[in-house]
Amino acid sequence: MIDRRLFTNFDWALLALVLVIAGIGVVNIASATASYNMVDTPYSLRQGYWILIGIFIMLMVCSIDYHLFGDVSYWFYGSAVFLLLVVLAIGKSSMGAQRWLHLGFISFQPSELMKIVIVMVYARYFSASPPVDGLSLKDLFYPFLMLGAPALLIMKQPDLGTAILVVLIAFSMILFVGIRIKTLASLVTAAIPAVFLGWHFYLRDYQKERILNFLSPERDPLGSGYHIIQSKIAVGSGGFLGKGFLQGTQTQLRFLPEQHTDFAFSVFSEEWGFVGCFTVLALYLALVLWGLAIARRCNDTFGSLMAVGVTAMLFWHITINIGMVIGLFPVVGVPLPLFSYGGTSMITSMIGLGILLNIRMRRFMF
Amino acid sequence: MTEQAVVRDSRDSSQRIRGLMIAVTAIVFILLMRLWYLQIVKTEDFRNMSESNRLRLVPVASSRGTILDRNGVVLVDNSPSYSVAVIPQEVADKDALISGLARLLQADPAELADKWEKGRKRSKYQPIILASGITRDQLEILEENRLSLPGLDLQMHPIREYPHGLLASHLFGHLGEMTEQEIGNVRYKGYNPGDYVGKSGIERNWEKDLHGVDGGRQIEVDAMGRFLRTVSESSPTTGNSLMLTIDLEIQKQAEAAFGKQAGAAVALDVNSGEVLAFVSNPGFDPALFAGKLTSRQWNEYLEDIRHPLENKALKGQYPPGSTFKIVTALAALEEGLITENTTFNCSGSYKYGNRSFGCWNKRGHGAVNLKKAFRESCDVYFYKLGEQLGVDRIAAYARRLGIGAPLGIGLENEKPGLMPTSAWKEKRFGKKWVKGETLPVAIGQGYVLMTPIQLAEMTAVVANEGTIYRPHLVKRVISPEGKTLREFAPEIVSRAGLHSESYRLVKKGLFAVVNEPGGTGGMARLYEVKVAGKTGTSQVVKLRNGKNVGGYQYRDHALFVAFAPYEKPEIAVAVVVEHGAHGGSAAAPIAGRILKTYFQGKGVIKKPVPRKADTPAEAGGEEPGAETGTPNVEEQQAND
C-alpha cells in the first residue's frame, strides 16, 4: 500500500524533534504532578500513552496522500460545524459550558478538530481560486463566512482560547496567500468597532475579568489575577539555572494553577531556569521553521498552504501559551503543543504534524 | 495554470515564507527577551516572592527575665499558663470538636464557635486559641481526651507570676500586649504581634533586658496554607534577670506599715544612692493587667480616692512642709545669717508688712535657737530666715540639694517637683515676686513641690554631707545562665559643696527632733540606733479659721524624713502619708519601722522570732517576739 519511495523520503529529523519535545514534556509532567495524590496511572505515564497513540494517528495521517484531504475538506468542514452545533445544543440543555462530545468509547472536542479543518478548507479554497493580485474584500467574503460560523459557535461554548486560535490560523493563511494593503486597512478599521461591540455584548464576565486582570494582575491578587502572578513568580524565581527537577517550590507546593496542563511551561521554567527555557524555545523555533521550510519546498499551492496553516496552528499555540505563562498575554487556556498534559491537544498536534510529514514525503511526486 | 504562472507563484510564495520565518524568529526572540527579563534581571524579586509564598514564621514567645531583690530573693517570676488551641488543618469535625471542648471545659459552645470563626480568616496552620488560662485539672482532662479530639493543640506559654502579690507593684509595673502602634515601633524590633511588653515601671524601663529574644519556627506551607514541615527552628532566649537594690524585707515592712493609708515612701542607701524601698500605697494587682482585667475591677481602681494606679513615689508632688526647713537652715548657715546660738523670739505669729504669718504653735515658742527651731518645728524662726534670704537664695541652695529637677531614678515620667524663683514667677504668671511670698516657701509651703524621691535624696545629702548620688533601682543585670552582665556602681550626680559645719548643725537639730523631749519626731525613735529626722505637715487646702474642713481629701499630708545612724549615716528615708494629717504621728512611725527593719537586717537590732513564718508583724499590734516570751528587744538594748 505504501510506496517504498515514501519511506526513503520520510522526515526522520522532524519526528526526532517531536519526540525530544514530547519527551521533555513527559519528564516535566512527572514533576508537575509529583505533589498530586497518587492515581492508578501516573500522569506522566498516561502522557506517554497519548504520545504513542498520537504517533500512530500521525503515521495514519501520513500514509494517506494529502491531496485526498483537499477533495473531502468541505465534507469535513460541514461535519465539524454540525458537531459544534450538537455540542452547543447539549451544552444548553445541561446549563453550562460544553466542549466535549462523548461518543461511547471516545470523548473529543469538536472545536479542537476545527483547527485542522479550517486549515484544510482554506487551503482547498485558496488553491482552487488563487487571487491574481492579492486578496480584495470581495475575495474574502466566502473565506470569512467559512471562518465566522465555527468561530462564533466556539466562542458561544464558551471557549475564547480556541476561537482566537482558529481565527489566528485563518488570518495567518490569508496573509500568506497575500492581501492587498487597502483590504488590510479596511479590515483593521472595521475591527475597532467590532472589538468594542464584542466587549459589551459578546464576552462573558469571566472573560472580561481575565483580560482586565491580564492588564493589571494586582487588581485581584488572590482571585483571577492569582494565576498570572503565581506563574510569573515561578518563572522568575527559576533564575538562570533553575531550582532543579522536583525542586520548584511554586510547583511542588501547588501555588501554580493547572500546572500539568496549561501552566506546564511555568513548572519547567521554575525548575530548569533560563537555560532550559532557551533550549525548549529553540526546539520549538526549529519545529516551526521546519514546518515553514516544508511549505516552501512543496511544489503545489494546496500542500504549501496546508503546511503553512498547520505550522501557524503550532506557532500560535506555542506563542500564546508561553506568552500567557510569562505574563505577556492574558490567561486564555491554550495548551503548549506536545508539552502540556492532555490527549486532545496531543492528537490535534500529531494530526498536524502528520500532515507536515505527509506533505514533505510527497514533495517530489509532482 | 501555465507553467510560467506556477513558477512565478512559487517564487512569490517562497519569498513570503521567508518573511514568515523572519516574523516567527522575531516573535520567539521577544519571548526570550521576556524570559531574560523575568529570570535574569528580576529573578531576585521573584525568588523572594516565592520564598515568602512558601515560608511562614511561627513565633515562639521568650520567657521574661526574673526580678530579684538585693539578696537574690525572687520578686517577680514566670509561671506556665496553659491555653487550648485548635489547628484548623487538622480538625476533622469542627462541630464535634467544639461541643466536646465545651463539655470538657464547661464553657459556652457558642463562645468557642465564635472564636473559631474569628480565627478562621488566618492560615490553616495557625492555631486558634479558644480558651486561655485553664487550670491544671482541665489540662489533664483534655490530655486524656486528646485522641478523640483531633486538631487539639495544648499550648504552654510563660506568664508573669508575683509571689508577693501586690508588693511594689508600681515599681515593677505591669505588662500588656503590644498595641498596634507599638508593633511598628523601632523600640520593639524583633518582637512579634501578641508579645507582652512592659507598660510601666521596671518592666517598661528594662524591657530590652527582660524580654529576651523570641524564638520561631520557620515552616513550609502549601498554596492552601497547610503546614508541611518545619524548615528551621530557633528556640527563644530567656530575658536577663535584674537584681534590684530593693530589700524585700524593708519593702514588705514599709508597705505593711502603711496599711490602708495612701502615700509613698523611699529609702535610700546614703552612701551609694541605692533604693532600698520604693513604696506607693495602695498597690494594684499587676497580674490583672497581663490577663483579664474586668471593667468592674478597672472601675474599682479608678474610683478609689486613694488612686491605686498612681505611682506616688515617682510622680506624686507634695509641698514638703517643715521638712524643707532643712534647706532654709542650710542656706542661712552658709550665708552666715545665723550661728548655732542665734536666737529669735517666737510669739506664735510673725508680722510681715500688713500680714501676719502664724506659727503652728499659737502660744509661741519663746526664745528659739537653731536646734530648738528644728526640734519643735518653729515656723517663726524660719520665716525670719526666709525674709533675710529671699526666695532666690533659698532656691539656689535647694537646687544644690537636688530639688526642682528629676534625679534620674530610671523610671518613666519622673516628676521634677517645683522650686520657685522670682524669675520663675515672672515667667509663669507674668507677676513680680512679692517678698511676703518667700515666708511660706521657707517652711516648705507656697509653690514648693517635692517628690518622695527628692525628699529622700535631700535627707541623704545632709546625712552624707554633700554627695548627691543618683538614686538607682538596679544593682545587676544577670544573664539566664547566672552570669553578671552589668553591675551598676554608685554614680555621683553632683556635690552640694556646703561647709561640713552647716551639715553638722542641721543634723544636730534633726537628732533633737527625734530624740529630745518636745521633739516632733519621737515616734521614729529607735533605742539601738540613733535616728535623726524631721516632720512635715503640708497643707492641702487653706485652713479656715485654723480648722480643717471637709473629709479625707481635705486633710493635710503627713511627711517625715529621717536618716540613721546619726553618727555614721547609712540609710535615709522619706515618708509621705496622703491626708495623714500630722507628720509626727502618721509618717514618723512608718519611717521608724523602715529603719528598724533595715537595722534588723544588719544584725544591729535583734529580729523578733516569728511564731509562724511570714506572719506579718502588723497582724497583732504587739511584736510577735513579746508573745513568744523573748524579752522585748527594744527594752533589752535600751541600755547600750
Side-chain angles (χ1 to χ4, degrees), chain A residues 35 130 172 175-178 226 229-230 232-243 248-250 252-257 269-270 273-275 277-278 281-282 284-285 288-289 291-301 304-305 307-308 311-312 315 318-319 322-323 325-328, chain B residues 1-3 5-56 121 123 125 219-229 231:
Chain A
S35 63
S172 305
L175 277 180
F176 173 66
V177 169
Y226 179 84
I229 293 172
Q230 293 301 341
K232 274 163 76 177
I233 291 173
V235 174
S237 65
F240 186 68
L241 288 172
K243 296 178 183 170
T249 55
Q250 289 286 102
Q252 304 307 332
L253 305 174
R254 297 218 236 159
F255 286 98
L256 284 173
S269 309
E270 186 186 22
F274 184 75
V275 171
C277 292
F278 183 90
L281 270 181
Y284 274 124
L285 181 63
V288 170
L289 293 180
L292 289 175
I294 289 171
R296 189 162 65 171
R297 288 196 203 167
C298 180
N299 284 330
D300 68 309
T301 317
S304 148
L305 266 167
V308 166
T311 308
F315 171 74
I318 296 161
T319 304
I322 294 179
V325 161
I326 62 182
L328 282 179
Chain B
M1 237 186 277
T2 62
E3 186 74 7
V6 172
V7 170
R8 195 176 57 96
D9 184 45
S10 82
R11 192 184 295 150
D12 212 28
S13 78
S14 165
Q15 241 161 10
R16 268 202 284 273
I17 285 175
R18 187 173 299 142
L20 287 179
M21 284 175 161
I22 292 167
V24 161
T25 312
I27 289 173
V28 171
F29 186 71
I30 289 170
L31 294 180
L32 217 51
M33 291 303 290
R34 172 72 175 179
L35 281 165
W36 177 274
Y37 174 77
L38 294 179
Q39 297 189 298
I40 310 290
V41 180
K42 289 278 177 185
T43 185
E44 201 72 29
D45 296 353
F46 287 115
R47 202 165 267 268
N48 291 339
M49 279 190 240
S50 81
E51 289 296 283
S52 58
N53 249 351
R54 77 182 178 104
L55 297 177
R56 300 278 184 280
K121 291 172 196 105
S123 305
Y125 66 88
I219 62 164
E220 193 173 57
V221 296
D222 69 4
M224 307 303 291
R226 284 178 301 217
F227 167 81
L228 296 177
R229 67 190 177 102
V231 177

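Labels below follow one simple rule: chain letters A, B, ... track the order of the sequence lines, proteins then strands, and each chain is numbered from 1.
For chain B, the option among Ser237(A), Ser304(A), Gly178(A) with the highest count of heavy-atom pairs below 4.5 Å is Ser237(A). Chain B forms the most heavy-atom pairs under 4.5 Å with one residue out of Phe278(A), Tyr284(A), Phe240(A), Phe315(A), and that residue is Phe315(A).
What you find for Val177(A) and Arg16(B) is that their closest heavy atoms are O-NH2, 3.1 Å.
Without hydrogens or angle criteria, Glu270(A) side chain to Thr249(A) main chain gives a donor-acceptor distance under 3.5 Å. Panel note: side chain Thr43(B), backbone Gly236(A); a donor-acceptor pair is recorded below 3.5 Å. Counting only distance, with no hydrogens or angles, the side chain of Arg296(A) and the backbone of Arg18(B) share no donor-acceptor pair below 3.5 Å.
Interface remark: Val308(A) contributes side-chain atoms only to the contact with chain B (heavy atom separation under 4.5 Å). Looking at Glu44(B), there are no atoms closer than 4.5 Å to chain A (heavy atoms on both sides), in backbone or side chain. If you measure heavy-atom distances from Leu20(B) to chain A, the contacts under 4.5 Å come from both the backbone and the side chain. The contact between Leu175(A) and chain B is made entirely by backbone atoms, counting heavy-atom distances below 4.5 Å. For a residue to count as touching a neighbouring chain, one of its non-hydrogen atoms must lie under 4.5 Å from one of that chain's; by this rule Ala282(A) does not touch chain B.
Residue Leu285(A) is tested with Leu32(B), Ile27(B), Val28(B) for a side chain to side chain contact (heavy atoms under 4.5 Å, CB included); the sole match is Val28(B).
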Compile the donor-acceptor pairs under 3.5 Å between side chains in residues 33-41 of chain B and protein atoms, sequence neighbours left out, one pair per line.
unit_1, atom_1, unit_2, atom_2, d
Arg34(B), NE, Ile326(A), O, 2.8
Arg34(B), NH2, Ile326(A), O, 2.9
Gln39(B), OE1, Phe274(A), N, 3.3
Gln39(B), NE2, Val235(A), O, 3.1
Gln39(B), NE2, Ser269(A), O, 3.2

